[in-house]
Amino acid sequence: MESDKQKRMLDLSKLQFKIGELSRMTGVSTRQLRYWEKKAFIAAKQRQEEQDARVFGFDAYVKVSLVKHLMDEGYTLSAANDKSKTLIEDAKWAHHFARQAFHGIENVNGRRRLNLGFIDDAHEQVLYGVTNDEGKIHYEIHPAQSNQETSGN
DNA sequence: GTTCTTACA
DNA sequence: TGTAAGAA
């Protein structure tokens with residue numbers, strides 16, 4: 001099912017931080033990080049043999065940053081933990097959505113447009129996202145076969 | 001110098 | 001949660 005692990009140029013799963021690093025990165029004390037781990041709010045990678053220092057991954061960094069931010073906003077630890085869960089789920093969903101929606105960037109007449117794929121089952125119309133001079137985005141629908149001048153820039 | 005666990009103001 | 005202690 002999940003065999004679609006392609007070779008991405010950015011492999012965030014390889015990032016590893018010791019507790020001191022994660023603490024400095026997020027502004028959360030090492031004391032808190034150990035406590036949060038015990039509470040299962042964050043997870044450290046499995047420690048190898050006997051004595052070992054905790055190793056956190058990018059996912060932990062994101063989680064800690066979110067919880068820290070929420071606590072600064074006034075949330076309690078447990079409340080911040082709960083809210084961070086939904087935020088992370090939403091972000092994952094949005095990422096999944098955007099990843100599927102992305103069909104490449106095309107250059108036409110010096111302008112670039114984002115191909116968002118067909119909007120009809122007959123595959124006759126394509127949805128594009130474009131920006132104006134101020135960077136504001138809008139959408140356009142074009143016939144499917146007008147992709148002649150897609151100079152690979 | 002850093003991290004770990006346990007305990008206490 | 002901060003901080004201290006003693007050990008790794």
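Predicted model only: the values in this text are computed from it and were never measured. Every chain is numbered from 1, with letters handed out A, B, ... down the list of sequences.
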Check: How far apart are the C-alpha atoms of A/Tyr75 and A/Leu77, what are their side-chain angles, what is the distance that settles it, and do they pass the side-chain contact (heavy atoms from CB on, under 4.5 Å) test?
Finding: CA-CA 6 Å; A/Tyr75 286 83; A/Leu77 174 57; over 6 Å; no

Margin query: Within the structure provided, determine whether A/Phe56 and A/Gln16 are in side-chain contact (heavy-atom separation under 4.5 Å).
Written below: no

Margin query: Measuring only between side-chain heavy atoms, which start at C-beta, is A/Tyr61 closer than 4.5 Å to A/Leu22?
Written below: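 Yes, at least one pair of side-chain atoms sits under 4.5 Å.
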
Check: Going by heavy atoms closer than 4.0 Å, what residues in residues 70-79 of chain A are next to DNA chain B?
Finding: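 Result for residues 70-79 of chain A: none.
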
Margin query: Looking only at side-chain N and O atoms, does A/Asn81 offer a donor or acceptor that is under 3.5 Å from a partner on A/Lys63?
Written below: yes

Note to self: Testing A/Arg99, A/Gln100, A/Lys92 one by one against A/His96 for a side chain to side chain donor-acceptor pair (under 3.5 Å), which residue passes?
What the structure shows: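 Exactly one candidate clears the test, A/Gln100.
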
Item checked: A/Phe118 atom CZ, over 12 foreign heavy atoms within 6.0 Å ->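 More than 12 heavy atoms, drawn from other residues, nucleotides or ligands, come within 6.0 Å of this atom.
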
Note to self: Can you confirm whether more than 12 heavy atoms, excluding those of A/Lys45, are under 6.0 Å from its NZ atom?
What the structure shows: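 For A/Lys45, atom NZ is crowded (more than 12 foreign heavy atoms under 6.0 Å).
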
Next item on the list: Report yes or no: do A/Val108 and A/Leu127 belong to one cluster of Ile/Leu/Val/Met/Phe/Trp/Tyr joined by side chain heavy-atom distances under 4.5 Å?
Entry: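 Cluster IDs for A/Val108 and A/Leu127 differ.
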
Item checked: N/O (side chain, A/Ser29) to phosphate O (OP1/OP2, C/dG2) under 4.0 Å -> yes

Margin query: Protein within reach of the bases, or only the backbone? For nucleotides 2-9 of chain B, mark each nucleotide 5' to 3' as B, S or -, using heavy atoms under 4.0 Å.
Written below: -SBB----

Notebook entry, point to check: Quick one: do A/Asp133 and A/Arg111 make a salt bridge, cutoff under 4.0 Å?
Noted result: yes

Next item on the list: Report the C-alpha separation of A/Val130 and A/His138 in whole Å, then their side-chain angles, then the decisive distance to 0.1 Å, and conclude whether the side-chain contact (heavy atoms from CB on, under 4.5 Å) test is met.
Entry: CA-CA 6 Å; A/Val130 297; A/His138 67 274; 2.9 Å; yes

Note to self: As a check on the pairing definition, encode DNA chain C in dot-bracket form, counting Watson-Crick and G-U wobble pairs whose two distances are under 3.5 Å, and using | for partners outside this strand.
What the structure shows: .|||||||

